[in-house]
Amino acid sequence: MTDWRSLTTSFRFPTGLLIDGTWFEGSDSFEVISPIDGAVLGRVSSADVADVDRAVRAARRAFEDGRWSGKTPAERKEVLLRWAQLCEEHRERLALAHALEMGKPAREAHGVDMRAVIRTLQWFGEAVDKIVDELPHVSPDALAMVQREPAGVVGAVVPWNFPLTMAAWKLAPALASGCTVVLKPAEQSPISALLLAELGMEAGLPDGVLNVVNGPGHVTGQALGRHPDVDVLTFTGSTEVGRRFMEYSASSNLKRVWLELGGKGANVVFPDADLDKAARTAAWSIFYNAGQMCSAGSRLLVHESVHDDVVRTVLDVAATMQPGDPLDHDVPMGSVVTHEHRDRIHSMVVEGLRASGETLTGGSPVLVDSGGAYYPPTVIDSVASDTLLAQQEVFGPVLAVTSFRTEEEALALANGTPYGLASAVWTNDLNRAHRFSRALKFGVVWVNCYEEGDLTVPFGGVKLSGFGRDKSLHALDKFYDLKTTWIDLT
Ligand code: NAD
């Protein structure tokens, strides 16, 4: 069993900007504060507009001279597989970085996040040399070729909630397709990204192919979004910032923008479902990762006839998922990402309750004396569907419960938010399962489960949850241009 606390004594990480294969001091720097206890983990360089420009120019040079795009897919695959192997070898260090900078239990980061990162690098590495182009049958007098070409320089801006998984979902397909990348991690989680990039260099990514610029979103992220020489901008984060990337693109070079944004997922529970499984999964789907998941099941829509049974089980699970130090081995939930975020969660709960609802458990910060940022599992019952807690993403361990009477009403409630990322229906009626899942307006729909997935299936949303898909072969489409060449054979 790993002693995570003792590993912290030898924990070191790069602090610069990675540009053209070299670590640079940025024009400025910022403190990284651990939400575990408020300790300062170190100072990390911050990139201003000029630094971002330097990184984009390095990525452009690396793209144009073919040092990466000119390699065969099989050669790029070898580098990605080596990178995955190094992540495996440094799995504990990378998992520890998650715990220290964003408060996720280290054991969980080691088991879940790092598994996802390693598998993503492997999967896209393995996929890319199996892709073939197209020769449609057009006419006896012509040859038409449809070829995929790497799109160029990619800006990747990612959030902190699954810092390396989200980065890997962008980096692996972008790099596999032959693009070069400038990665902008969230300012709350720069350390894990720097460690990942260091391993990427060691794995054999040529200089300039992967560049990393940390810094505040409105400075560093904006500079990347507005840069006239970025071809593709792939973003995971809030809907509010997603809108900005569309504006940056419109007012610069019309770079392609792909947005994976927020969500307001629902577990819809019918009386004929396996109620115990539904309730336990619904609880886990909002308390896991302290509810800091775009796809979190932040709404429980439950038929009135089984409301009490289901809610009782949810409360039982909540009692077992109280937060604690993420470095403890058996802690079920860590801190939330920052003290500001904890306060934001709490103010949304307070404001939400003014409109409707009754708190059944949780509802205010805990472990305040630790100096850390902890918020407990919180269940709020009788939330009216048009109020804050049913409509807005809290991004914390806060479950809004609403009852329904009919299937029609359940569907209207489930679809009745501006988001469309992911939701689940719980029923053992086959017809209803098909009917209801078809009518749910979400990019991902689960039946009698939640958060299930695989790298072979796409992930992403509709409506204000954005567009474009991570994971699966479809993710590669974001990073290729299709070129048609028509040859006259007469
Ligand atoms: P955020 O939008 O605040 O930040 C995400 C990234 O954008 C960070 O790197 C940040 O520095 C940068 N950024 C912030 N302001 C910016 C600006 N003005 N210009 C350019 N860049 C800017 O989101 P967050 O708080 O880091 O993450 C939480 C959000 O991410 C939630 O809304 C969550 O639903 C969403 N998310 C979505 C998915 C998905 O796949 N759909 C996955 C994880 C998280």
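Computation of the quantities below employed the complete heavy-atom set of this structure, encompassing side-chain atoms and omitting hydrogens, waters and symmetry-equivalent molecules. In each ligand, atom 1 is the first atom listed, and ligand 1 is the first ligand listed.
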As an exercise, identify every atom of ligand 1 less than 4.0 angstrom from a heavy atom of [X].
X: Gly221; value: 20 (C), 21 (N)
X: Thr236; value: 5 (C), 36 (N), 37 (C), 38 (C), 39 (C), 40 (O), 42 (C), 43 (C), 44 (C)
X: Val157; value: 6 (C), 7 (O), 9 (O), 12 (C)
X: Leu421; value: 41 (N)
X: Tyr248; value: 17 (C), 18 (N), 19 (N), 20 (C)
X: Met166; value: 42 (C), 43 (C)
X: His218; value: 16 (C), 17 (C), 18 (N)

Are [X] and [Y] close enough for a salt bridge, meaning some N to O gap below 4.0 Å?
X: Lys478; Y: Asp470; value: yes
X: Arg54; Y: Asp48; value: no
X: Glu101; Y: Lys104; value: no

- Message: Check this for me - ligand 1, Leu261, N or O atoms closer than 3.5 angstrom, yes or no?
- Response: yes
- Message: Using a 3.5 Å cut-off on N or O atoms only, is Phe459 in polar contact with ligand 1?
- Response: no
- Specify whether the nearest protein heavy atom to atom 4 (O) of ligand 1 is under 4.0 angstrom away. no
Side chain, backbone, both or neither: which part of [X] has a heavy atom under 4.0 Å from ligand 1?
X: Gln188; answer: neither
X: Glu393; answer: side chain
X: Val158; answer: backbone
X: Pro185; answer: backbone
X: Leu224; answer: neither
X: Glu260; answer: both

- Give a yes/no verdict on whether any heavy atom in Trp169 is under 4.0 Å from an atom of ligand 1. no
- Task: Answer with yes or no whether Phe245 contacts ligand 1, where contact means a heavy atom under 4.0 Å from a ligand atom.
- Result: yes
- Task: Kindly confirm or rule out a cation-pi arrangement of Lys170 over Phe479, judged by NZ or CZ under 6.0 Å from the six-membered ring centre and within 45° of its axis?
- Result: no
Got a donor-acceptor contact below 3.5 angstrom from the [X] side chain to the [Y] backbone?
X: Thr220; Y: Ala47; answer: yes
X: Arg43; Y: Ser29; answer: yes
X: Gln292; Y: Val337; answer: yes
X: Thr359; Y: Thr361; answer: no
X: Ser189; Y: Pro163; answer: no
X: Thr378; Y: Val398; answer: no

Proximity winner for [atom], if only heavy atoms of [options] are counted:
atom: atom 35 (C) of ligand 1; options: Gly443, Gly262, Gly237; value: Gly237
atom: atom 39 (C) of ligand 1; options: Cys294, Pro216, Gly461; value: Cys294
atom: atom 44 (C) of ligand 1; options: Asn161, Leu259, Val337; value: Asn161
atom: atom 10 (C) of ligand 1; options: Arg469, Lys264, Glu187; value: Glu187
atom: atom 23 (O) of ligand 1; options: Ser238, Pro190, Ala422; value: Ser238

- Which residue and non-hydrogen atom of the protein lie closest to atom 28 (C) of ligand 1, and at what distance in Å? Phe395 CE2, 3.4 Å
- Item | Nearest-neighbour protein heavy atom for atom 27 (O) of ligand 1, which is reported as residue plus atom name and distance | Pro159 CB, 3.4 Å
In Å, rounded to the nearest 0.5 Å, how long is the span from [atom1] of [X] to [atom2] of [Y]?
X: Thr417; Y: Lys463; atom1: OG1; atom2: NZ; value: 5.0 Å
X: Tyr419; Y: Lys264; atom1: OH; atom2: NZ; value: 8.5 Å
X: Trp83; Y: Met201; atom1: CH2; atom2: CE; value: 10.0 Å
X: Leu259; Y: Phe245; atom1: CG; atom2: CZ; value: 8.5 Å

- Message: I'd like to know whether Val457 forms a side-chain contact (heavy atoms from CB on, under 4.5 Å) with Ser472, so could you lay out the CA-CA distance, the side-chain angles of the two residues, the decisive distance to 0.1 Å, and finally the verdict.
- Response: CA-CA 5 Å; Val457 295; Ser472 84; 5.6 Å; no
